[in-house]
Protein chains: 2
Amino acid sequence: MTDREARRQQILDRARDVFARRGYHQAKIDDIVAAAGVARGTFYLYFQDKRAIFEELFRRFWQKIVVSMARIDVERPVEPQVLAQIRRILDVFLDDPAMAKILLSDAAGLDAEFDRRLLAFASDAAKLLEDALREGQDWGLVKPGSPSVLGFFLVGGVKEVLLQMVRSSMPIDREATTRDIYAVLARGILVETPKVKARAAAAGAKRPKGVGAKGAPKRKKTLAG
Amino acid sequence: MTDREARRQQILDRARDVFARRGYHQAKIDDIVAAAGVARGTFYLYFQDKRAIFEELFRRFWQKIVVSMARIDVERPVEPQVLAQIRRILDVFLDDPAMAKILLSDAAGLDAEFDRRLLAFASDAAKLLEDALREGQDWGLVKPGSPSVLGFFLVGGVKEVLLQMVRSSMPIDREATTRDIYAVLARGILVETPKVKARAAAAGAKRPKGVGAKGAPKRKKTLAG
DNA sequence: CGGGCGACTGACACTCGCGTCTGATCCGAG
DNA sequence: CTCGGATCAGACGCGAGTGTCAGTCGCCCG
């Protein structure tokens, strides 16, 4: 039956490409069978319908992600563990850009049932992350703040960075990106300065208070994703 | 013609609700006309097709966002400006949760043309934000790191927080959320500690290095969105 | 009063893509 | 060579959903 498995895999691979290129709704069965070089009927020999093949792709990639996860051991130095974790996630997504794009931009909005399942995943995982952050706060490793807000922020940040990287298909320095993300986690992006109440009216290149540049354009971007 | 405008607005409002509830693809013209209490034909008197009404909703909301934006003046204290900016964004989205949900989760993946336009928006805005961050780095206000990675991270973080808030429709403390987001921007989430190379093997509740709790579950959440 | 106008209606014809099915073809095993 | 299973090409029927169009209705104006 290794023959059958190979054929199945071939169709899966091509379907993945089509989904990534066109998006779920624009991807027609005809596109998939054409890309896979098989007849229409053959497709239905291996998969019940379009939804089923999409779910299988989704499930397989999800599995890779889950495997890449490791709990942080607070008894040991945390920084290298977190760096390694970030790097693993980057690798999983960037090694399969097509699936990454599908997961990050097409997965939502398929239908009510699929959305429901994603939401369920999301809320389970959010709760776990919340607990992890709360625990970190208890240990004094994580700063105060609503754990759920922090968690969503981190998750969203990583998602967006990955999505943009995959979309623009520009050259990616994974090592540098890992460090950048870690830097945000660890220290934020604004320079820490003593509480200088400097009203700083006049000119001169004296830096005012310790806060960052965040201009109008920023959120523009936000929504475009 | 105020009559005509009113009718148009009525259809727009109801369509917004339907899109928010069902998502773009699941929302049928029949759903919209039923919700608006008009006949099928009437809909086409006011809008060319489903795509057109969606674009109009999108365009209007986008306008509100653009208006809410203000450039950060580095000559004046930055912290209050950034806090106010975060708060304005929160207000725009949370005051119209239906549109927020549509924008944040249904906008991508409509079709090739719409995606293309979103990407254009995104890359323009990303470039502007990149410039802002780079400028901030020149001024010493923003820490080193790839401006584009930082920018995407921030944008993604804000998006995700908003999306989850809108989705779960739980009670929201806008003031506290504003502070939480600012805190991440300004200082990250991990507690800063001196470079203690503490290998810290044994037990004991001594805190190791200054890094945060980020466990396996986290990314699970990531993808679910 | 009646004729015309424009907003509105909803049944209808049409398109599109899905999933099935049929008969032909290919190929390895016996 | 022959048989049977897998595959092929593509025609087919079908249901969902769209956009249209002939017709209705209330209103105003002469």
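Quantities reported herein were computed from a predicted structural model and do not represent experimental measurements.
- Of all non-hydrogen atoms in A15(A) and I53(A), the two that sit nearest each other are CB-CD1, 3.6 Å.
- By the 6.0 Å and 45° rule, K50(A) does not stack over the aromatic ring of F19(A).
- Between I32(B) atom CD1 and dG17(D) atom P there is a gap of 13 Å when expressed in whole angstrom units.
- Phosphate proximity of dC8(D) to R7(A): present, with a side-chain N or O under 4.0 Å from OP1 or OP2.
- Atom pair I11(A):CD1 and dC8(D):C1' shows a separation of 13 Å (rounding to whole Å applied).
- Across the protein-nucleic acid pair, Q26(A) atom CD and dG17(C) atom C1' stand 12 Å apart, rounded to whole Å.
- Here dG17(D) presents its C1' atom at 15 Å from NE2 of H25(B), a figure rounded to the nearest Å.
- Put simply, CD1 on I29(B) is 15 Å from P on dT9(C), counting in whole angstrom units.
- Summarising the geometry, the separation between CG on D49(B) and P on dC16(C) is reported as 14 Å, rounded to the nearest angstrom.
- A distance-only check finds no donor-acceptor pair linking the side chain of K159(B) to the backbone of E160(A) [under 3.5 Å].
- Mapping R40(A) and D30(B) onto DNA chain D by nearest heavy atom places R40(A) at the nucleotide closer to the 5' end.
- Remark: T42(A) is in phosphate contact with dC8(D), judged by side-chain N or O atoms under 4.0 Å from OP1 or OP2.
- Although no hydrogens or angles enter the test, the distance criterion places no donor-acceptor pair under 3.5 Å between the side chain of D180(A) and the main chain of V149(B).
- Rounding to whole angstrom units, NZ of residue K28(B) and P of dT15(C) are separated by 20 Å.
- We find that CZ of R4(B) is positioned 8 Å from P of dC8(C), with the value rounded to whole Å.
- The shortest distance between the side-chain N/O atoms of Y46(A) and the OP1/OP2 oxygens of dA6(D) is not below 4.0 Å.
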